[in-house]
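In this chain, residues are counted from 1 in sequence order.
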Amino acid sequence: MASKIVNVALRVDENVQFGVSRDEIIPIPGEGELLIETRFSGANPADIKHSTQLGIYPTRLGYDFFGKVLKAPSSSAFQVGDSVAGYTPTGLGRPDKYGTHQSYFICP
């Protein structure tokens, strides 16, 4: 029996309630973006404060990461299988796909 791929994520909802989501939606990278499988994500005070103090919600949490590239554009310096570390953008209207506290995420 084949197992389903599940994207487990830490998130904050529209009521500023924090929790865990589990779904089968793997984000799709756009032009100039990488699909990354998370190996480690860094927990920071910003994960909570950006939602409670700056109003960045609903969204998936996390900014800092170490992971493995699963998809990359042909023009990228990165290739599938590369190990990468970095951070993702923040701001009002931040897409869920940029949250690094999930199994799979997107990094521009």
* Describe, in one word, how the ring planes of Y63 and H50 are oriented to each other, choosing from parallel (under 30°), tilted (30 to 60°) and perpendicular (over 60°). => perpendicular
* To do: Please say whether more than 12 non-hydrogen atoms of neighbouring residues, nucleotides or ligands are located less than 6.0 Å from CD1 in I25.
  => no
To the nearest 0.5 Å, what is the distance between [atom1] ([X]) and [atom2] ([Y])?
| X | Y | atom1 | atom2 | value |
| --- | --- | --- | --- | --- |
| D13 | S21 | CG | OG | 10.5 Å |
| I36 | K68 | CD1 | NZ | 12.5 Å |
| D64 | N44 | CG | CG | 5.0 Å |
| I28 | E33 | CD1 | CD | 11.0 Å |

Search all heavy atoms of [X] against all heavy atoms of [Y] and return the closest pair with its distance.
| X | Y | value |
| --- | --- | --- |
| P29 | L34 | CB-C, 4.2 Å |
| D23 | R60 | OD2-NH2, 2.6 Å |
| H101 | D47 | NE2-OD2, 2.9 Å |

* Main-chain N/O of Q102 paired with T38 side-chain donor or acceptor, under 3.5 Å -> yes
* Can you check whether Q17's main-chain N or O pairs, donor with acceptor, with N15's side chain at less than 3.5 Å? -> no
Would you say [X] and [Y] are hydrophobically clustered, going by side-chain heavy atoms of ILVMFWY under 4.5 Å?
| X | Y | answer |
| --- | --- | --- |
| I106 | Y104 | yes |
| V12 | I56 | no |
| F105 | F40 | no |

Cut-off 3.5 Å, no hydrogens considered: what does the side-chain donor-acceptor table look like for residues 78-88, sequence neighbours left out?
| from | atom 1 | to | atom 2 | distance (Å) |
| --- | --- | --- | --- | --- |
| D82 | OD2 | Q79 | N | 2.8 |
| T88 | OG1 | R94 | NH2 | 3.1 |
| T88 | OG1 | Y98 | O | 2.8 |

* Just wondering, do C107 and T100 contact through their side chains at under 4.5 Å, heavy atoms? -> no
* Asked: Do F18 and L10 have side chains that get closer than 4.5 Å, going by heavy atoms?
  -> no
* For V8, what residues pass the side-chain contact (heavy atoms from CB on, under 4.5 Å) criterion, not counting sequence neighbours? -> V6, V20, R22, S103
* Full working for side-chain contact (heavy atoms from CB on, under 4.5 Å) between S51 and L61 -> CA-CA 9 Å; S51 297; L61 303 173; 4.2 Å; yes
